[in-house]
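In what follows, chains are A, B, ... by sequence order, proteins preceding strands, each numbered from 1. Keep in mind that what you see is a predicted model, and the values were worked out from it rather than measured.
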Amino acid sequence: MSIVSSIQQRVLESLSLLFDQTFTEKDFQVSETKPEFEGDYTIVLFSLVKSLKQSPDAIGNRLGEKLIADHPQLFTGFNIIKGFLNLSIADEFWTSLLEENYANADFGTAASTGKKVMVEYSSPNTNKPLHLGHLRNNFLGWSVAEIYKASGFEVIKSCIVNDRGIHICKSMIAWQKYGNGATPQSTGTKGDHLVGEYYVRFEDDLKAESQVLINKIKLGDLTDFAGADLSKLDKLLVALTKLDEVKDADKITKLHGEIRELARNCTPVMCAAKDMLLDWEQGKPEVIDLWKQMNGWVYEGFDVTYKRIGSDFDKTYYESNTYLLGKDIVQQGLAKGVFYKKEDGSTWIDLTAEGLDEKIVQRKDGTSVYITQDIGLALQKYEQYKIDESIYVIGNEQNYHMKVLQLICQKLGMPNADKIKHLSYGMVELTTGKMKSREGTVVDADDIVEEMVATAQHHTEELGKVKDFNEAELKDLYDILGLGAMKFYLLRVDPKKTMIFNPEESIDFHGFTGPFVQYTHARIRSILRKEGITGSGISDPFSKEEELLKLEKNVLITLEQYPAAIRQACVEQDPSVIANYVFNVAKTFNSFYTEHSVSNAETPGKKALRLRLAVMTANTLKSGMKLLGIRVPERM
RNA sequence: GGACCGGUAGCUCAGUUGGAUAGAGCAUCAGCCUUCUAAGCUGAGGGUCAUUGGUUCGAAUCCAAUCCGGUUCACCA
């Protein structure tokens with residue numbers, strides 16, 4: 001039990017004995033005492049004033065005395081200042097905590113809950129390489145999975161690969177047109193990057209061709225349009241001439257946008273891509289073969305990146321397999337009256353009562369839409385793995401979609417539908433603004449990782465502390481530091497917030513960074529190496545008579561909070577809780593470290609205590625960083 | 001226009017089940033390496049917590065309104 005809940009319970013007990021009233025934890029607050037006051041933990045008395053009808057001081061005095069009388073082994077003193085009861089905790093509490101846990105590498109992790117959770121993350125498209133935003137996603141997904149494991153869950157990491165659809169055909173069309181049979185081998189280009197290049201080529205063509213069409217439209221030449229497109233265009237143009245008279249700028253821009261969209265859709269390249277998608281759906285062999293080949297290149301490229309950044313999955317779903325899922329569910333939903341058919345034969349759900357809109361779940365031709373396969377996959381996940389909780393790590397632009405998905409699952413009466421959780425994260429922006437692929441401002445994942453590792457190498461060489469490392473050891477160290485800095489930088493911010501990626505700040509290895517924490521760990525390991533402590537066990541007893549110094553106690557107080565930090569990170573699905581915690585541990589230890597020597601402690605008893613303190617700090621740093629997917633070095 | 005998210009120091013961010021003088025890191029300035037790793041430590045300056053009103057012993061935190069920024073409201077995925 002944590003110190004805070006221990007105090008809470010003792011206070012509850014004492015209150016009911018003293019005042020013959022029952023209280024709950026919510027009736028008062030236990031918090032850390034501010035440094036400028038004496039004591040370790042503080043109880044706010046104001047909230048008790050009303051129900052007890054006594055002054056805060058009177059309550060505080062009686063409560064403080066009672067606590068000390070009944071629990072002298074826990075409380076050693078108290079003072080009351082302006083309605084705050086400050087309690088001093090016995091050294092004994094902290095030293096026992098240390099003795100019991102310093103060698104326990106699993107300190108902070110919870111016992112098994114027997115529950116299963118699936119964390120779906122990464123979910124890439126197979127038409128271009130991963131970028132900075134994907135890194136945030138991958139690091140978040142991995143970390144949340146680790147945090148759930150540490151909280152006693154069985155975790156299944158999954159990934160849905162978006163390997164099908166018009167966007168994939170785009171790369172294929174451009175490759176056919178410009179590729180001349182180019183392969184990753186023949187060009188020496190990483191597969192995902194190669195395919196990405198053709199995606200860009202396609203977009204360039206599309207831009208050029210749609211500009212041609214728009215110019216023709218301006219001249220009144222509509223010969224490139226036919227059928228429904230033509231009549232729609234006609235309507236738009238008529239509307240536009242009308243609007244020109246009233247000069248409604250917003251609506252005019254909107255209409256221009258629609259015309260541009262229509263033109264894009266009617267370009268020859270776009271038509272070619274659409275035809276290819278139809279061929280793909282009909283299983284035309286040469287299209288399927290090309291699709292398999294190019295997807296294969298992308299997977300090889302992704303594999304390299306995933307290995308590099310340490311992402312992996314227990315189960316990979318492919319959209320090419322799942323996109324037909326959910327059709328039977330539509331039938332069931334119709335039978336249950338959750339869905340309804342419109343006159344044209346399309347199937348819908350009405351969510352207006354929930355403050356949302358009507359959403360289509362199946363087209364009139366019977367084909368699925370995006371949400372349909374998601375419903376199907378959500379159910380399949382449950383049936384295959386009997387999961388208790390399902391987490392989706394997806395960007396916040398899909399908040400609405402995920403809300404709809406959960407609502408539909410609930411209405412369909414799917415098991416654990418209320419345990420579908422969207423870990424919604426904000427975009428990563430640059431100091432210069434948003435990343436835009438069209439403007440070439442996208443930060444490539446592979447590039448940024450190599451840059452970070454190179455920076456780590458540069459700093460390390462400059463400091464010259466590991467000159468005796470061999471080449472493999474150096475390479476590993478640079479990876480640990482570079483990737484550590486990168487992961488920490490992206491995970492230290494609340495996931496749901498849009499974050500700014502500042503290249504200069506991200507390669508800073510000082511302050512609130514991964515390398516700072518890693519450095520603290522390496523420093524401790526250095527002490528332990530010199531003291532000949534290889535395992536975690538220390539046989540020398542430490543004296544419990546000597547009073548704990550302020551800085552020693554601060555480290556213990558911080559270490560004690562680790563289990564609570566994991567719990568909070570799990571409940572909030574927020575790795576930044578851990579990043580902040582681990583930084584705090586490192587900072588607190590560093591303050592202690594510069595003031596007091598471990599090896600040359602004043603007495604053997606003190607030395608034995610500080611060695612334990614060092615071991616427990618190192619273990620906690622290592623364990624906490626592991627929850628972020630970050631390794632810590634023995635030396636740096 | 002509706003829905004959701006955000007606005008805290010020059011910059012990047014913590015802090016919201018309401019509690020004492022609002023915290024870190026970076027940047028700036030001043031100190032600390034014959035003693036366990038200075039990728040470190042100590043200190044200083046820097047704030048109308050977007051604005052206004054309300055709730056109360058007490059509001060960055062709760063409520064209401066307003067302003068600014070973002071996302072979304074596709075028979076695309």
Item to check | Stacked pair A/F516-B/rA39, distance under 5.5 Å, angle under 30° | outcome: no
Checklist entry - Please walk me through it: do A/Y323 and A/W280 pass ring-ring contact (aromatic ring centres under 6.0 Å, His included)? => result CA-CA 13 Å; A/Y323 83 104; A/W280 181 90; 5.8 Å; yes
Next on the checklist: Could you walk me through whether A/F202 and A/Y199 satisfy the ring-ring contact (aromatic ring centres under 6.0 Å, His included) test, starting with their C-alpha distance in whole Å, then the side-chain angles of each, then the deciding distance to 0.1 Å, before giving a yes or no?
Outcome noted: CA-CA 5 Å; A/F202 180 94; A/Y199 185 77; 7.2 Å; no
Checklist entry - Should B/rG1 form a Watson-Crick or G-U wobble pair with both distances under 3.5 Å, which nucleotide is its partner? => result B/rC73
Next on the checklist: Please determine whether a side-chain nitrogen or oxygen atom of A/R523 lies at a distance below 4.0 Å from atom OP1 or OP2 of B/rA38.
Outcome noted: yes
Item to check | Side-chain N,O (A/S591) to OP1/OP2 (B/rU42) below 4.0 Å | outcome: yes
Next on the checklist: At less than 4.0 Å, is any side-chain N or O atom of A/K530 found next to OP1 or OP2 of B/rU37? Yes or no.
Outcome noted: yes
Next on the checklist: Can you tell me if A/E281 has over 12 outside heavy atoms packed within less than 6.0 Å of its CD?
Outcome noted: yes
Next on the checklist: Between B/rA3 and B/rA64, how many Å separate the two P atoms, rounded to a whole number?
Outcome noted: 12 Å
Checklist entry - Is there a residue in residues 421-432 of chain A whose heavy atoms reach under 4.0 Å of RNA chain B, and which residues are they? => result A/M427
Checklist entry - For B/rC33, does the O4'-C1'-N9-C4 (purine) or O4'-C1'-N1-C2 (pyrimidine) torsion place it in syn, i.e. within 90° of 0, or in anti? => result syn
Next on the checklist: Tell me whether the side-chain N or O atoms of A/D344 pair up with the base of B/rC75 as donor and acceptor below 3.5 Å, since no angle test is needed here.
Outcome noted: yes
Checklist entry - Is there a donor and acceptor pair closer than 3.5 Å between the side chain of A/T460 and the base of B/rA39? => result yes
Item to check | Verify stack between A/Y593 ring and B/rC36 base, 5.5 Å, 30 degrees | outcome: yes
Checklist entry - Would you say A/K34 reaches B/rA20's phosphate, i.e. side-chain N/O to OP1/OP2 under 4.0 Å? => result yes
Next on the checklist: For B/rC73 and A/K403 - does any side-chain N or O of the residue sit under 4.0 Å from the phosphate oxygens OP1/OP2?
Outcome noted: no
